[in-house]
Student: 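One structure, as structure tokens, below. Some questions next.
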Protein chains: 2
Amino acid sequence: MPINVSFKLLKAFLTLSEQKNFTRAAEHCHVSQSTFSGMIQRLEDELGARLFDRNTRNVVLTPEGELFAEAARHLVNDIQWTFSDLSDYVAKKKGHVAIAALPSIAGEWLPAVIAEYRRLYPGIAIEIHDVLSDNCLDLVRQGQADIALAAPNSSLDEYATEHFHTDRFFLICRRDHPVASLPVVTMDDLRGCDFIRLSRSTSVHQHLVNAVGATGVTSSSFEVKYLSTVAGLILHGLGVSLLPELTLSQFRHPDLLAIPLATPGISRPIHIIWRKDKPLSLAAQAMLELVRQRKL
Amino acid sequence: MPINVSFKLLKAFLTLSEQKNFTRAAEHCHVSQSTFSGMIQRLEDELGARLFDRNTRNVVLTPEGELFAEAARHLVNDIQWTFSDLSDYVAKKKGHVAIAALPSIAGEWLPAVIAEYRRLYPGIAIEIHDVLSDNCLDLVRQGQADIALAAPNSSLDEYATEHFHTDRFFLICRRDHPVASLPVVTMDDLRGCDFIRLSRSTSVHQHLVNAVGATGVTSSSFEVKYLSTVAGLILHGLGVSLLPELTLSQFRHPDLLAIPLATPGISRPIHIIWRKDKPLSLAAQAMLELVRQRKL
DNA sequence: GACATTAATCGGCATAATCGATCAATCCAT
DNA sequence: ATGGATTGATCGATTATGCCGATTAATGTC
């Protein structure tokens, strides 16, 4: 015998147990008295127990009714909480979104988007992971991030992706460098230069190896981890560097220049990445939408 | 917007979230696939949120679905417990009954009934209060006892009552007492006897005062609390006593006699008493039924 | 004993639920 | 590619359920 009871019936039961009067309780529930009478009977049938002892003068809970009332109060409460929780969630008054982004994006472009998101959905907790591309992917795969903004070299078949930005590489050099006067530079112009590169684990490095390897420029004198170090080395005349546009803010110095590369140049494609096997939460969908709107 | 969701829908939702397949889940729920599809849609409409992301190949919970699933599991569990609890109660596998009875009844007649009740409904807890009549009434009024077996002198208007037994009084005397040879005794036969009476708080005392006061026999030498004391006093030749039949088991002694009183005699009516403003629990109803069946 | 109050019942109707059949999409094997 | 198999959604017809208004029956009150 399968149980079937609706929230409506539970509510009607509790209303009657408070009002102790069918007519009044029916009004409370916005149904006719006859309907209400039927509802109580239905519930009693369902339970197989008489819940109220009633005549035209008195309506009083039976002991079974008392027992059930206690339980029903809890049930109704729990159900209401469950629903209001979910509806808050749907209304994006609650929730959680985690976004993983390359440090360059996380520091340069993302903050404005996050600010806007916070303004729109103040109740949603936001988590930002500023990590390298491969880590971004891992976080998404492990479910620790809903969305990633990254430029991975590895395959993206496993993920849902969308093009976000083509980040072109610039030559960074000191103002007194031989190529500093050129409006654009070619790989040939850089032959013989000392290159300062980011560590192998960065996507910048990998894209560069792919591109520069192809043009034959492979010399590399330095390999460092932080852009600030790159800047310091360049300023001391120890070399030049090829870095994507999104990092240029780190090189705003009177003695430094960023020169675009001649076509076709070098670039890294940055993607919006998320899991395709699991749908995005509403909070994450909203974030994705905002990211698209504010796309570079 | 009033919530309305049925247990059936919650169960369907959980089934689908486990089976991840509409057709299979529908079979589990004993409905057609089309019906099942409609049920899930109805639930989603009700909640205003998409719970499953589905195509013909995959059925996967959305994050909102996950959230709801957790809550729904608890709800379904609670509802099932509530129902099974109540049905145990209805089936009298569980429950509680408290009965208040005069000490004479509690010691003499009740144990067999209690034993039978226990045999019939082993899961129900039984509470017995062996107290004097007035206390019996108090316990019932306070809800500490469901049913009382008592012989109160006070008004019973407040209660629902039913006649249980007419407890006739007997004369208890020593075998060598002047009236010992009579088959029945009258009040006249007892003129001048010393009477041993139970204390004023007992219903026996009060019935006796009413009856004997009317026939003019008012002498009273002793007033004690326990029947065993009465027996001792009589055995030592200090008097006789008038006591109801239900107490006679306390006077089975070779030197003691119980002699019926001549018509009309004296008697106390014993009633089954319970609250009339509150219905009896099922467990108590069963007890009442048994008491009626086994009535003296 | 008449009256007022109130829960239960009845008949009719509208809506919702259910089913079987079919459609459309998706994946898989070839 | 392409055809077949699987599966969820949709459609139309049928049935069941829920709801209402009117009426009835029971009960307490004056």
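Naming: A, B, ... by sequence-line order, numbering from 1 per chain.
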Student: Can Glu44(B) and Arg54(B) be counted as an ion pair, charged N to O under 4.0 angstrom?
Tutor: yes
Student: Looking at the side chain of Lys8(B), which of dT18(C), dG8(D), dC11(D) is the nearest nucleotide?
Tutor: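 Comparing dT18(C), dG8(D), dC11(D) against the side chain of Lys8(B), the answer is dT18(C).
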Student: Kindly assign one of parallel, tilted or perpendicular to the pair Phe52(A) and Phe22(A), based on the angle between their ring planes and the thresholds 30° and 60°.
Tutor: perpendicular
Student: So, applying side chain to side chain contact (heavy atoms under 4.5 Å, CB included) with Thr15(B), which one of Arg24(B), His28(B), Glu27(B) is it?
Tutor: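 Answer to the side chain to side chain contact (heavy atoms under 4.5 Å, CB included) test with Thr15(B) among Arg24(B), His28(B), Glu27(B): His28(B).
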Student: Rounding to a whole Å, what distance do you find between Lys20(B):NZ and dG8(D):C1'?
Tutor: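 So the NZ-C1' distance, Lys20(B) to dG8(D), works out to 16 Å.
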Student: Within this structure, what is the CD-to-C1' distance between Glu46(B) and dA16(C), rounded to whole angstrom?
Tutor: 13 Å
Student: What integer distance in Å separates Phe36(A):CZ from dA8(C):P?
Tutor: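 Distance check: Phe36(A) CZ to dA8(C) P gives 10 Å.
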Student: Between dG8(D) atom C1' and Leu51(B) atom CG, what is the distance in whole Å?
Tutor: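 Rounding to the nearest Å, CG of Leu51(B) and C1' of dG8(D) are 16 Å apart.
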Student: Which heavy atom in Leu282(A) sits nearest to a heavy atom in Tyr89(A), and how many Å separate them?
Tutor: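 Taking every non-hydrogen atom into account, CD1-O, 4.3 Å.
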Student: For nucleotides 25-30 of chain D, which of its nitrogen or oxygen atoms have a protein nitrogen or oxygen under 3.5 Å away, and what is each distance?
Tutor:
residue, atom, partner, partner atom, Å
dA26(D), N3, Thr56(A), OG1, 3.4
dT27(D), O4', Thr56(A), OG1, 2.8

Student: State whether Thr23(A) places a side-chain N or O below 4.0 Å from either non-bridging phosphate oxygen (OP1 or OP2) of dA7(C).
Tutor: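 For dA7(C), OP1/OP2 do have a side-chain N/O of Thr23(A) under 4.0 Å.
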Student: Which nucleotide sits closest to the side chain of Arg54(A): dC19(D), dA8(C), dT18(C)?
Tutor: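 The answer is dA8(C), which lies nearest to the side chain.
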Student: When you check the gap from the basic side-chain N to the acidic O, do Arg294(B) and Glu116(B) get nearer than 4.0 Å?
Tutor: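 Judged by the 4.0 Å cut-off on N to carboxylate O distance, Arg294(B) and Glu116(B) do form a salt bridge.
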Student: In whole angstrom, what separates Asn21(B)'s CG from dT26(C)'s C1'?
Tutor: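 The distance from CG of Asn21(B) to C1' of dT26(C) comes to 14 Å, rounded to the nearest Å.
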Student: Between Phe22(B) (CZ) and dA24(C) (C1'), how many Å, whole number?
Tutor: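 The distance from CZ of Phe22(B) to C1' of dA24(C) comes to 15 Å, rounded to the nearest Å.
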Student: Given atom CG of Leu43(A) and atom C1' of dA8(C), what is their separation to the nearest angstrom?
Tutor: 17 Å
Student: Does the base of dA9(D) carry an N or O that pairs as donor and acceptor with the side chain of Gln33(B) under 3.5 Å?
Tutor: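 Yes.
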Student: Taking atom P of dA16(D) as reference, at what distance in whole Å does atom CZ of Arg42(A) sit?
Tutor: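 Distance check: Arg42(A) CZ to dA16(D) P gives 16 Å.
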Student: Taking atom types as they are modelled, would you say the side chain of Ser32(A) forms a donor-acceptor pair with the base of dG21(D) within the 3.5 Å cutoff?
Tutor: no
Student: Spell out, as yes or no, whether a donor-acceptor pair under 3.5 Å connects the side chain of Thr62(B) to the backbone of Leu51(B).
Tutor: yes
Student: Parallel, tilted or perpendicular for His271(B) and His163(B), by the 30°/60° rule?
Tutor: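 If you compare the ring of His271(B) with that of His163(B), the planes turn out perpendicular.
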Student: Record whether the side chain of Ser37(B) comes under 3.5 Å of the base of dG8(D) through a donor-acceptor pair of N or O atoms.
Tutor: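 Absent.
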